[in-house]
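Here the structure comes first, spelled out in structure tokens, and everything after it is commentary.
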Amino acid sequence: MDMAPIPHLDDIRDAFPILQRKTYLNSCSLGALSTRAEARMAGFLELWHEMGASAWYEHWLGRIEELRGRVADFWGASAAETALLPSTSVALSVIAESVPASPGRNRVVCTELDFPTLAYQWAVKPEVELVVLESHDGISVDPQQFADAVDERTLFVATSHVFFTTGFVQDLAALADIAHRAGAYALIDGYQGAGQIPVDLKSTGVDFYTAGPLKWLCGGPGLAYLYVREELIPELSPRITSWFAAKNQFAFDLEDFDYRPDARRFEMGTPALPTVHTALGGQELIDEVGMAAIRARNAHLTDLLVERAGNAGLMLNVHPDPTRRSAIVMVAHPDPAGAVAHLARAGIIVDHRPGFVRISPHFYNTEEEVERFVEVLRGFER
Ligand SMILES: Cc1ncc(COP(=O)(O)O)c(C=O)c1O
């Protein structure tokens with residue numbers, strides 16, 4: 001098995017203090033906090049003490065743009081196509097309020113494996129018909145199922161880059177193509193994709209993509225990122241808005257509202273500044289290690305986990321093709337909550353979902369940590 005080394009793994013592990021205290025294998029819920037992110041946060045707090053509101057103009061507006069630029073570079077788009085929002089749910093609702101359904105085009109196609117907040121955006125709109133594709137294997141959805149369900153009545157193909165429960169990686173270019181051939185938009189919830197799978201949004205052709213710093217980008221809670229393909233931006237007029245979306249934000253003119261020409265027209269108010277700072281710290285580390293190395297490392301740790309868990313007689317819900325897997329692995333268990341508590345007593349942090357223990361290693365984890373998880377879980381079963 002390829003060892004998929006990460007350059008300077010020891011230094012990287014030193015930058016994440018939780019790794020010295022715990023066996024941390026839950027990055028799909030919350031990426032580990034780095035000393036880099038902590039230092040960025042400390043700098044933010046110090047400026048707040050030192051300068052108060054004057055830090056806005058001299059520093060903090062610049063940090064917001066620094067983050068926007070980094071995220072844009074990271075996901076292969078321009079800063080003008082990148083918006084900062086408070087959560088994925090808000091980003092999705094702004095899109096839903098930018099692209100209204102019409103009687104002839106009122107269907108949104110998603111899957112039963114998507115994160116619920118995606119479907120909820122249209123489930124609450126009586127004028128929209130939500131089509132939820134089934135997963136035949138409980139792990140994946142075949143692109144042909146999308147192709148069969150999408151037609152001239154479809155407004156959006158709205159689905160995930162990586163399914164949050166099974167780790168299955170969808171083919172974004174294929175989904176964009178299916179949507180566009182029917183005149184529909186391709187909207188991707190990339191929360192479980194960005195930071196574990198390399199993304200180059202321009203080349204995929206998708207129209208909208210959402211992600212955030214919380215999980216695989218190790219940047220903490222409080223922000224989401226939204227990509228909107230540049231050709232679409234001038235056509236869309238969100239029906240929920242804010243002063244950050246206004247062309248003349250600082251004119252404070254109530255009666256003369258016009259949208260900004262770039263993706264900031266989708267923004268919903270002041271971004272969470274503490275998270276702007278922690279997200280910058282996390283993003284710097286991710287960029288330095290590089291997505292190719294992270295993907296290779298995570299694939300290696302996932303393959304190892306699958307092999308060791310299989311040898312230990314544990315039942316896994318992962319796709320058989322390793323290239324379609326990601327580092328979210330579900331282990332079937334009769335008592336997932338009990339197993340997670342047992343693992344926690346041994347200093348191993350993982351999570352559970354109905355019927356499963358969920359483990360999600362990231363580039364900073366070691367082979368020994370993955371092996372330890374399998375051993376301790378097996379011990380609980382006896
Ligand atoms: C795929 C996916 N989408 C969305 C969310 C949550 O989005 P929000 O930022 O609205 O809480 C999560 C996880 O928490 C997720 O895994």
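None of these values were measured; they are calculated from a predicted model. In what follows, every heavy atom counts, from backbone to side chain, and hydrogens, waters and symmetry copies are set aside. Every number for a ligand or one of its atoms is a count from 1 in the order of the listing.
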key: Phe164: numbered ligand 1 atoms lying under 4.0 Å from its heavy atoms   = 16 (O)
Per-atom contacts, ligand 1 versus Ser87 - under 4.0 Å to a heavy atom = 9 (O), 10 (O)
request  = Output yes when a side-chain donor or acceptor of Glu81 lies under 3.5 Å from a complementary backbone atom of Glu230, and no otherwise.
outcome  = yes
ask   = Is the closest side-chain heavy-atom distance between Ser27 and Tyr364 below 4.5 Å?
value =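 Yes, side chains in contact.
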inquiry  = Below 30° counts as parallel, above 60° as perpendicular, anything between as tilted: where do the rings of Trp122 and Phe156 land?
reply    = tilted
inquiry  = Hydrogens and angles aside, do Gln170 and Thr159 bring a side-chain donor and acceptor to less than 3.5 Å of each other?
reply    = yes
Of all the non-hydrogen atoms in the protein, which one sits nearest to [atom], and at what distance?
atom                    : value
atom 11 (O) of ligand 1 : Ser89 OG, 4.5 Å
atom 7 (O) of ligand 1  : Thr88 CB, 3.4 Å
atom 3 (N) of ligand 1  : Asp189 OD2, 2.7 Å
atom 6 (C) of ligand 1  : Phe115 CE2, 3.6 Å
atom 16 (O) of ligand 1 : Gln192 NE2, 3.0 Å

key: Phe163 and its side chain to side chain contact (heavy atoms under 4.5 Å, CB included) partner, picked from Ile139, Thr111, Asp189   =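 The side chain to side chain contact (heavy atoms under 4.5 Å, CB included) with Phe163 is passed solely by Thr111 among Ile139, Thr111, Asp189.
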inquiry  = Filter on salt bridge (charged side-chain N to carboxylate O under 4.0 Å, His left out), then keep only pairs touching residues 26-40, sequence neighbours left out; what's left?
reply    =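 For residues 26-40, and leaving out neighbouring residues, the salt bridge (charged side-chain N to carboxylate O under 4.0 Å, His left out) pairs sorted by first residue read Arg36-Glu284, Arg36-Glu288, Arg40-Glu66, Arg40-Glu284.
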message = Quick check: Lys215 and ligand 1, any N/O pair under 3.5 Å apart?
response =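 Indeed, backbone or side chain, Lys215 has an N or O that close.
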